[in-house]
Colleague: 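One structure follows; several queries about it will come next.
Chain identifiers are assigned alphabetically (A, B, ...) following the order of the sequence lines, protein sequences preceding nucleic acid strands; residue numbering begins at 1 within each chain.
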There are 2 protein chains.
Amino acid sequence: MPAPGSSRAQPLTRAHVVDTALAILAGVGLPDLTMRAIGTELGVQQSALYHHFANKQALLGAVADEIIARGPRRISPPGDWQDRARQRCGDIRDAVTAYPDGADLVMSMWAFGMGGNAPFVELCDLLVEAGLTVEVAPTAARTLLHFVYGHAYDEQSHDHAARSGITFGQRAPTDFDTGVDIVIAGIKGLL
Amino acid sequence: MPAPGSSRAQPLTRAHVVDTALAILAGVGLPDLTMRAIGTELGVQQSALYHHFANKQALLGAVADEIIARGPRRISPPGDWQDRARQRCGDIRDAVTAYPDGADLVMSMWAFGMGGNAPFVELCDLLVEAGLTVEVAPTAARTLLHFVYGHAYDEQSHDHAARSGITFGQRAPTDFDTGVDIVIAGIKGLL
DNA sequence: ACCTGAACACCGTTCAAGT
DNA sequence: ACCTGAACACCGTTCAAGT
């Protein structure tokens with residue numbers, strides 16, 4: 001961490017900004033991931049960030065991409081397309097739940113078309129390879145992702161709520177797997 | 001609309017606040033649904049709202065409940081449980097898409113346990129009636145709702161983006177129905 | 001009990017000016 | 001090109017004080 005006020009040898013890069021944003025996200029969550037916090041952590045004025053990103057949303061889009069990129073990506077899976085889809089969904093879930101509010105961030109940025117598109121493209125490819133038509137594969141991929149993000153968002157919201165003293169009915173640990181299985185079984189019917 | 005500064009005969013009620021919040025949401029969307037805007041529209045200081053709601057989230061939870069309550073609820077459907085589930089999902093989608101950012105709001109409030117729980121309860125009941133065990137029905141209901149909200153959120157985000165000039169690949173109008181069918185077919189496998 | 005008025009501690013974004 | 005410093009136009013929330 002550079003001391004605030006220290007003159008940097010290197011100019012700021014987008015990658016450096018994204019790195020710092022991820023560190024702040026990990027520490028304090030999305031509501032406190034402010035332009036001022038990022039600037040302060042980098043030893044720079046918040047206005048300097050606008051030289052590298054058009055606005056906060058563009059910055060968060062890059063953060064969403066990085067959350068996905070840093071997530072696990074188990075390769076060369078044994079078994080059929082259903083096992084591969086299950087595995088990829090699990091990886092995506094692990095990626096977004098690795099950071100507080102990660103599901104919220106990635107889901108929003110994906111919906112807005114400003115980041116986090118890789119999981120959609122990968123699942124589309126996987127499903128086309130599995131034999132789905134190019135017309136229906138995007139719909140199936142989105143259905144899968146809506147579940148993955150929705151479930152993760154739920155989980156992370158409950159983490160917040162638990163800290164505020166609100167309690168929820170206990171959720172089975174197999175809940176995620178069951179949901180993914182439901183959607184995959186449904187997709188199977190499209191073949 | 002009461003003129004600002006007019007002394008009201010009746011004291012403010014929660015229902016009146018929620019009504020006004022919905023009108024503002026319909027007009028300007030969630031980012032501009034501020035405590036100040038609600039207060040101004042009611043001819044009252046923003047601080048007065050805290051006498052009726054603990055905070056903004058509690059107020060938005062009540063708004064989410066009202067969005068669902070005001071949505072359509074087609075009754076006594078012909079056909080099997082799958083038709084009934086399809087119909088209920090369509091109604092929920094219509095309810096949340098009737099207001100700008102409605103999907104975002106209802107999804108968030110539901111995840112936080114602060115509102116919008118009725119659709120979940122209804123779908124649970126419907127699925128238990130269909131023959132699902134009480135262990136797996138909530139998981140199936142959540143899977144369905146994650147898709148419905150995720151899809152609606154996507155649509156409404158694209159509405160925003162279109163206004164900012166961003167364009168997306170065209171989505172088939174049957175996309176929602178196909179997604180619901182995928183999940184319902186998957187749930188069928190649990191019977 | 002219900003509401004006012006003012007304050008507190010913040011936000012994202014812009015922009016002239018420096019180097 | 002890259003960044004500073006200061007401002008602009010906002011937020012949600014709190015709280016003493018009024019009625």
Colleague: Can you tell me the distance, in whole Å, between the NE2 atom of A:His51 and the C1' atom of D:dG5?
Modeller: 15 Å

Colleague: Taking only the P atom of each, what is the distance from D:dA9 to C:dA9 in whole angstrom?
Modeller: 22 Å

Colleague: Distance from B:Leu127 atom CG to B:Trp81 atom CH2, nearest 0.5 Å?
Modeller: 6.5 Å

Colleague: Counting Watson-Crick and G-U wobble pairs with both distances under 3.5 Å, what is the dot-bracket string for DNA chain C, 5' to 3', using [ ] for crossing pairs and | for pairs to another strand?
Modeller: ||.|||||...|||||.||

Colleague: Apply side chain to side chain contact (heavy atoms under 4.5 Å, CB included) to residues B:Arg93 and B:Val180 and explain how you reach the verdict.
Modeller: CA-CA 11 Å; B:Arg93 172 168 102 128; B:Val180 170; over 6 Å; no

Colleague: My understanding is that only one of B:Arg84, B:Arg86, B:Arg74 makes a salt bridge (Lys or Arg N to Asp or Glu O under 4.0 Å) with B:Asp91; could you say which?
Modeller: B:Arg74

Colleague: Using whole Å, report how far CD1 of B:Ile38 lies from P of C:dC3.
Modeller: 15 Å

Colleague: Do B:Glu155 and B:Phe176 come within less than 4.5 Å of each other through their side chains, counting heavy atoms only?
Modeller: no

Colleague: Does one hydrophobic cluster hold both A:Val28 and A:Ile67, with members joined at side-chain heavy-atom distances below 4.5 Å?
Modeller: yes

Colleague: Nearest whole Å is fine: how far is D:dC2 P from A:Arg14 CZ?
Modeller: 12 Å

Colleague: Rounded to whole Å, how long is the line connecting atom CG of B:Leu49 with atom P of D:dC15?
Modeller: 17 Å

Colleague: Nearest 0.5 angstrom please: B:His52 NE2 to B:His16 NE2, how far?
Modeller: 10.5 Å

Colleague: Enumerate the protein-to-nucleotides 9-12 of chain C contacts in which both atoms are nitrogen or oxygen and the separation is below 3.5 Å.
Modeller:
from, atom 1, to, atom 2, distance (Å)
C:dC11, N4, A:Arg36, NH2, 3.4
C:dG12, OP1, A:Lys56, NZ, 2.6
C:dG12, OP2, A:Met35, N, 3.2
C:dG12, N7, A:Arg36, NH1, 2.7
C:dG12, O6, A:Arg36, NH2, 3.1

Colleague: State, yes or no, whether a side-chain contact exists between A:Asp32 and A:Ile24 at a heavy-atom distance under 4.5 Å.
Modeller: no

Colleague: Can you measure B:His52 atom NE2 to C:dC2 atom P for me and round it to whole angstrom units?
Modeller: 7 Å

Colleague: Just the rounded figure in Å: distance from P of D:dG5 to CD of A:Gln45.
Modeller: 5 Å

Colleague: Do the non-hydrogen side-chain atoms of A:Asp104 and A:Val96 ever get within less than 4.5 Å of each other?
Modeller: no

Colleague: Let me check something: do A:Val183 and B:Leu190 share a hydrophobic cluster, defined by ILVMFWY side-chain heavy atoms less than 4.5 Å apart, either directly or through other members?
Modeller: yes

Colleague: Closest to the A:Ala48 side chain: C:dT4, D:dT4, C:dC2?
Modeller: D:dT4

